[in-house]
Each structure stands twice: as C-alpha cells, then as structure tokens.
Student: 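I have a structure here, written as structure tokens, and I will follow up with some questions on it.
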Protein chains: 2
Amino acid sequence: MIDLHSGVPRHRQLADVLRARIVAGDHPPGTLLPSETRLSQEYEVGRGTVRRAVGILRAEGLVDVASGRGTRVRSRAPELEELIGEPDQLVTARMPTPEERARWQMPEGVPVLVVRQPDGLMDVYPADEYGVRIPRG
Amino acid sequence: MIDLHSGVPRHRQLADVLRARIVAGDHPPGTLLPSETRLSQEYEVGRGTVRRAVGILRAEGLVDVASGRGTRVRSRAPELEELIGEPDQLVTARMPTPEERARWQMPEGVPVLVVRQPDGLMDVYPADEYGVRIPRG
DNA sequence: TATAATTTGTGCGTATGTATA
DNA sequence: TTATACATACGCACAAATTAT
C-alpha cells in the first residue's frame, strides 16, 4: 500500500488510501476508523505519520476526531439552510478565524461564507449549514 | 509569552501569538518570519512545537512555507474576480479535494465556492480569487 | 463508585533528506 | 562546496478524555 521510495511522503500516501476507502464506502459515515496505533501497525508506519494523514482528512472535513473516542467518518452533506441573496451583495468564502469557529462551534475543515453588502458591511455564515440562493428578478 | 502551566498546548499558544503579531502588522505581508530554530529559542519551545504552530497558520492560509527559504507571511489579495450569479443558483463553500487544489494550484487553507445550478450541475471556483455577485432584478 | 483499558493529544529528541542561498 | 532552513519520519513518554469492567 505504502511505497517508501515513491517520493510521495508516506503521510500523504496514507491519507490518499484512507480517503479512497472512505469515499468507496469501505468506512461508512458514522463509523470509527481503526485507532492510530492499529493503523500504524497495519500500514507499517509510525504513529506520527498516521496522525499527519488523519490530520489531512480532518482539514478536508472528511472525519471528526475526538480525544479518547476515536476518529469518526463525518456524515455527508446535511441540509443547507438557504439565505436569500440581495442585489449587489458579493458572496465569497474563507477559512474562519479561531474566534468564529468557537462562536459557532464549527468543526475543523469547514469554511465560512462571507456576504458583503454594497456599503461594506459583512455577514459571515458557516458553510456547512448555510447557502446563498440567487433570487429571481 | 508561553505559559507552560496554562493547560493550553504550547503549539497553540505559539500559533496564537504569531497570528496576533501578524494581524497586528508586526510581521507585514511578504516578510519572512524568523526561522524555526530562531523561534524555538525565542519562545523556549522545541522545534517540533514551532513547526506545529506554523502548521496551524499555514492551514489557515496566513503564511506560506517553502523549504530552504523560510516562512513568508502571505499577502492578502482581496482582489476578487466577480462572477455574476444567475437566478435560482445556490452558492455555498467547502474545502477543495486534492485534485481540485492541484488543478488550480490553490494554496493551503483556501476553500472553494460551489455554485449549484437548479438542474444539479455544479461549478467550483477557488474562493481566494472569485466571488459571486448577486445581480439586480 | 472506582479502576483499568483504550484512544487521542502533546512534547521531546533524533536522524535523514531536500531545497536554497 | 558549505551552511542554513525546511520536510519527513521514527520512537518514546506521559497527559487527558472516554469507555468498558
């Protein structure tokens, strides 16, 4: 599975393998991945390498990691609450600041939608729960 | 600066300190941060701790790290190319897949805008370069 | 209630490789 | 070529959170 001489870092290789297994349904949403120690034995890499690989999946929003409990495959695509856009607003996105993440208790790997009014005021919404609908004329 | 007995992990404390210094303009965009070794001496933590702290800032898109060159504070580029939204489109955001990041050569810590058409088709744009403008009726 | 086992979190030291100046 | 700096990887130890006994 992991090629030590491919030039590709092992933690990226492992992240690719785990991601593939997740999207292939091998690890269904809601289930736990094997523990870090188990994975390090299974793929014959150090635990630190496993943690970096899992960290990648976490940053991508694929899994949720909790101390003492394990690494759980995140359930995909919950219903988005629709915000109705208003003319001349500009919608973009970025990663939240630590304060914003704390305020809305956002999981890792989830961006925020930034809706900027013509007058410069901005509203911010977690992108895993909100979407902006373009209104009909 | 770093409190060993606060309960807050040192690499998080250091990330907070560095982030604060960056946003305060102490380390202007385009400049290099002190080297990892220098930071580890300055804040009296291990180099691994420094790397984890910098890794946080990198995931947030605040800095760009290059081997042999150093850690550079990323220039904020609020110059967004505007896409004109069309009625009934739904705009949201998520983190890019590795393929999407490679395709557009996106830096870390940058989400993608997802524009979903009424028929289900989706367009994806890097959120650091694009925004969606809500058209007037 | 208390204890142990499991699992993730943190931190250190070390080694080797690679890129840049 | 040499020095500097970052990248990857391993191993070890201990702490903290959770779950099982």
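Computation of the quantities below employed the complete heavy-atom set of this structure, encompassing side-chain atoms and omitting hydrogens, waters and symmetry-equivalent molecules. To find a chain, count down the sequence lines: A is the first, B the second, and so on, and within it residues start at 1. Just so we're clear, the structure is a prediction, and the values are computed from it rather than from any experiment.
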Student: Please state how far atom CZ in Arg69(A) lies from atom C1' in dT8(C), giving the value in whole angstrom units.
Tutor: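 So the CZ-C1' distance, Arg69(A) to dT8(C), works out to 11 Å.
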Student: What integer distance in Å separates Gln41(A):CD from dT7(C):P?
Tutor: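 Going from CD in Gln41(A) over to P in dT7(C) covers 10 Å.
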Student: Measure the distance from CG on Leu39(B) to P on dA5(D) and round it to the nearest whole Å.
Tutor: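 Roughly 11 Å, once rounded to whole Å.
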Student: Which whole-number value in Å describes the distance from Leu32(B) CG to dA21(C) C1'?
Tutor: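 Interatomic distance, CG of Leu32(B) to C1' of dA21(C): 12 Å.
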Student: Can you tell me how far P of dG9(C) sits from CG of Asp64(A), to the nearest Å?
Tutor: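 Distance, rounded to whole Å: 11 Å.
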Student: Taking for each residue the nucleotide of DNA chain C with the nearest heavy atom, is it Arg52(B) or Arg47(B) whose nucleotide lies nearer the 5' end?
Tutor: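 Nearer the 5' end of the strand: Arg52(B).
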Student: Grab the CZ-P distance between Arg51(A) and dG11(D) for me, whole Å please.
Tutor: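 Answer to the nearest Å: 16 Å.
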Student: Just the rounded figure in Å: distance from P of dA7(D) to CZ of Arg10(A).
Tutor: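 That distance rounds to 17 Å.
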Student: At 4.0 Å (heavy atoms only), tell me whether Gly68(A) reaches a base, stays on the sugar-phosphate, or touches nothing.
Tutor: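 The residue Gly68(A) makes base contact.
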Student: Are the side chain of Thr92(B) and the backbone of Ala127(A) linked by a donor-acceptor contact shorter than 3.5 Å?
Tutor: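 Present.
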Student: Under 4.0 Å between any heavy atoms, over every strand shown, what does Arg38(A) touch: base, sugar-phosphate, or nothing? Just pick one.
Tutor: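 No contact at all - Arg38(A) keeps every heavy atom at 4.0 Å or more from the nucleic acid.
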Student: Using whole Å, report how far CD of Glu36(A) lies from C1' of dC12(D).
Tutor: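 Answer to the nearest Å: 15 Å.
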Student: Using a 4.0 Å heavy-atom cut-off across all strands, classify Gly48(B) as base, sugar-phosphate, or nothing.
Tutor: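 Since no nucleic acid heavy atom lies under 4.0 Å of Gly48(B), the category is nothing.
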